[in-house]
Amino acid sequence: MDTQTSYDRVADEYVRHIFDELRHKPLDRQLLDRFAASVRDVGPACDLGCGPGHVARYLREHGVQVCGVRLSAELVERAHRLTPGIEFRQGDMMALDVPDGTWAGVAAFYSIIHIPRDDMARALSELPRVLRPGGLLLLSFHIGDDTIHLDDWWGHKVCLDFFFFRSGEIGGYLTSVGFGIKEIIEREPYPDVEHQSRRSYIFARRPNASP
């Protein structure tokens with residue numbers, strides 16, 4: 001069983017647990033506000049690894065022309081149903097089916113958490129390709145060195161590995177594929193809202209000129 005199949009199986013539970021989570025996460029909203037202010041007058045943005053589309057919905061409410069990309073076809077269908085009017089499509093962040101320089105910004109909330117370290121540089125190298133020169137990335141992930149494996153999630157059989165990373169580690173990967181790191185923010189977990197791991201958020205930009 002692969003990641004896509006696992007998320008297809010838990011799609012309804014995922015919506016129930018995740019779709020309204022931003023209401024309880026003030027720092028996440030603040031950072032998305034900053035992202036929105038930076039890209040809404042520049043060009044379209046992508047919610048990469050969009051889940052049920054809640055980040056895309058939030059960005060649209062703040063004036064961003066946004067689309068969503070997700071590996072799970074079932075979650076793409078739920079996102080369409082929950083937020084009509086936003087283009088949600090199935091896609092793999094390792095090989096995005098869009099032309100070079102498509103987006104002015106990419107918000108990637110927890111979209112790298114299933115990517116093994118050996119594949120990370122290849123996955124992140126897609127992002128400067130699909131961003132315009134000067135394009136903005138907001139990337140988030142769990143902080144740590146752990147790998148958590150799930151065979152059962154919300155009562156459904158799955159096969160998922162969740163990888164945790166250090167901020168400097170991901171910053172190094174981003175630098176290696178051509179990004180300039182603008183800011184790294186870390187926070188403690190919100191009690192009773194989410195998995196109790198520390199979180200990292202990285203703002204990075206594609207250079208205005210190609211290397």
Side-chain angles (χ1 to χ4, degrees), residues 3 7 18 21-22 25-36 38-39 45-51 54-56 58-59 68-71 91-96 98 102-150 160-190 193-208 210-211:
T3 300
Y7 274 93
I18 300 297
E21 69 171 2
L22 288 175
K25 298 185 176 186
L27 180 61
D28 298 51
R29 297 196 306 272
Q30 176 187 334
L31 299 179
L32 287 170
D33 290 348
R34 286 174 52 186
F35 177 87
S38 296
V39 304
C46 177
D47 173 10
L48 185 59
C50 63
H54 57 303
V55 170
Y58 186 90
L59 291 173
V69 176
R70 179 73 197 202
L71 187 62
D92 183 352
M93 72 173 293
M94 305 283 280
L96 291 164
V98 297
T102 295
W103 297 312
V106 169
F109 268 43
Y110 306 100
S111 60
I112 65 169
I113 62 174
H114 301 300
I115 298 175
R117 282 171 170 81
D118 289 347
D119 295 329
M120 186 61 70
R122 180 165 66 91
L124 294 179
S125 69
E126 269 288 86
L127 300 182
R129 181 187 72 79
V130 299
L131 280 167
R132 298 176 180 181
L136 181 64
L137 171 67
L138 172 56
L139 179 72
S140 69
F141 51 92
H142 303 274
I143 298 173
D145 304 303
D146 305 334
T147 299
I148 296 177
H149 178 80
L150 292 184
L160 288 170
D161 288 319
F162 295 79
F163 298 100
F164 290 48
F165 303 96
R166 298 290 175 178
S167 296
E169 179 185 12
I170 296 300
Y173 285 123
L174 289 170
T175 301
S176 75
V177 300
F179 279 101
I181 306 300
K182 297 303 177 185
E183 188 174 3
I184 297 175
I185 303 103
E186 297 184 351
R187 71 162 171 85
E188 298 299 321
Y190 291 115
V193 171
E194 60 190 1
H195 180 78
Q196 294 299 286
S197 60
R198 297 187 70 241
R199 311 298 172 106
S200 181
Y201 306 81
I202 299 180
F203 281 100
R205 281 199 184 274
R206 178 189 164 182
N208 280 305
S210 299

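Here the OH atom belonging to Tyr58 is positioned 3.5 Å from the CG atom belonging to Asp33, to the nearest 0.5 angstrom. Separation of atoms CD (Glu126) and CG (Leu131) is listed at 10.5 Å; rounding is to 0.5 Å. Note that CZ of Arg34 is 4.5 Å distant from CD of Glu183, once rounded to the nearest 0.5 Å. Taking CD1 of Ile115 as the reference point, atom CE of Met120 lies at 5.0 Å (rounded to 0.5 Å). With rounding to the nearest 0.5 Å, the separation of CZ in Phe35 from CG in Leu138 is 6.5 Å. With values rounded to the nearest 0.5 angstrom, Ser111 atom OG is found 11.5 Å from Leu71 atom CG.
Residues Tyr190 and Pro26 meet the side-chain proximity criterion, which asks for heavy atoms closer than 4.5 Å. No side-chain heavy atom of Asp28 sits less than 4.5 Å from a side-chain heavy atom of Glu21. Proximity of His142 to Ile113: side-chain heavy atoms (C-beta onward) are separated by under 4.5 Å at one or more points. With a 4.5 Å cut-off on side-chain heavy atoms, Thr102 and Leu96 do not count as touching.
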Starting from the C-alpha separation in whole Å, work towards a yes-or-no answer on side-chain contact (heavy atoms from CB on, under 4.5 Å) for Ile143 and Ser167. CA-CA 7 Å; Ile143 298 173; Ser167 296; 4.2 Å; yes

Worked check of side-chain contact (heavy atoms from CB on, under 4.5 Å) between Leu59 and Val39: CA-CA 10 Å; Leu59 291 173; Val39 304; over 6 Å; no

Please evaluate residues Leu139 and Phe179 with respect to the criterion side-chain contact (heavy atoms from CB on, under 4.5 Å), reporting the C-alpha separation (whole Å), side-chain torsions for both, the decisive distance (0.1 Å), and the verdict. CA-CA 12 Å; Leu139 179 72; Phe179 279 101; over 6 Å; no

Start with the C-alpha gap between Leu174 and Leu124, add the side-chain angles, then the distance that decides, and say whether side-chain contact (heavy atoms from CB on, under 4.5 Å) holds. CA-CA 7 Å; Leu174 289 170; Leu124 294 179; 3.9 Å; yes

Quick one, Arg187 with Tyr201, criterion side chain to side chain donor-acceptor pair (under 3.5 Å). Give me CA distance, side-chain angles, the key distance, then yes/no. CA-CA 9 Å; Arg187 71 162 171 85; Tyr201 306 81; 2.9 Å; yes

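Residues Ala121 and Val177 approach most closely at O-CG1, 3.7 Å, considering heavy atoms. Closest approach of Gly171 to Ile181, counting heavy atoms only: O-CD1, 3.9 Å. When all heavy atoms are compared, the tightest approach of Arg166 to Asp145 is NH2-OD2, 2.7 Å. Counting all heavy atoms, side chain and backbone alike, Gly178 lies closest to Pro207 at O-CD, 2.9 Å. The nearest pair of heavy atoms linking Ser197 to Pro189 is O-CB, 3.3 Å. Scanning all heavy atoms of the two residues, the minimum distance from Arg205 to Gly134 falls at NH1-O, 2.7 Å.
Each of Phe141, Phe164, Phe162, Phe163 was checked for a ring pair (Phe, Tyr, Trp, His ring centres under 6.0 Å) with His114, and the lone residue meeting it is Phe162.
Of the N and O atoms on the side chains of Tyr110 and Arg199, at least one donor lies less than 3.5 Å from an acceptor on the other residue.
At least one donor-acceptor pair under 3.5 Å links the side chain of Asp92 to the backbone N or O of Met94. In this structure, Arg206 contributes its side chain and Leu127 its backbone to no donor-acceptor pair below 3.5 Å.
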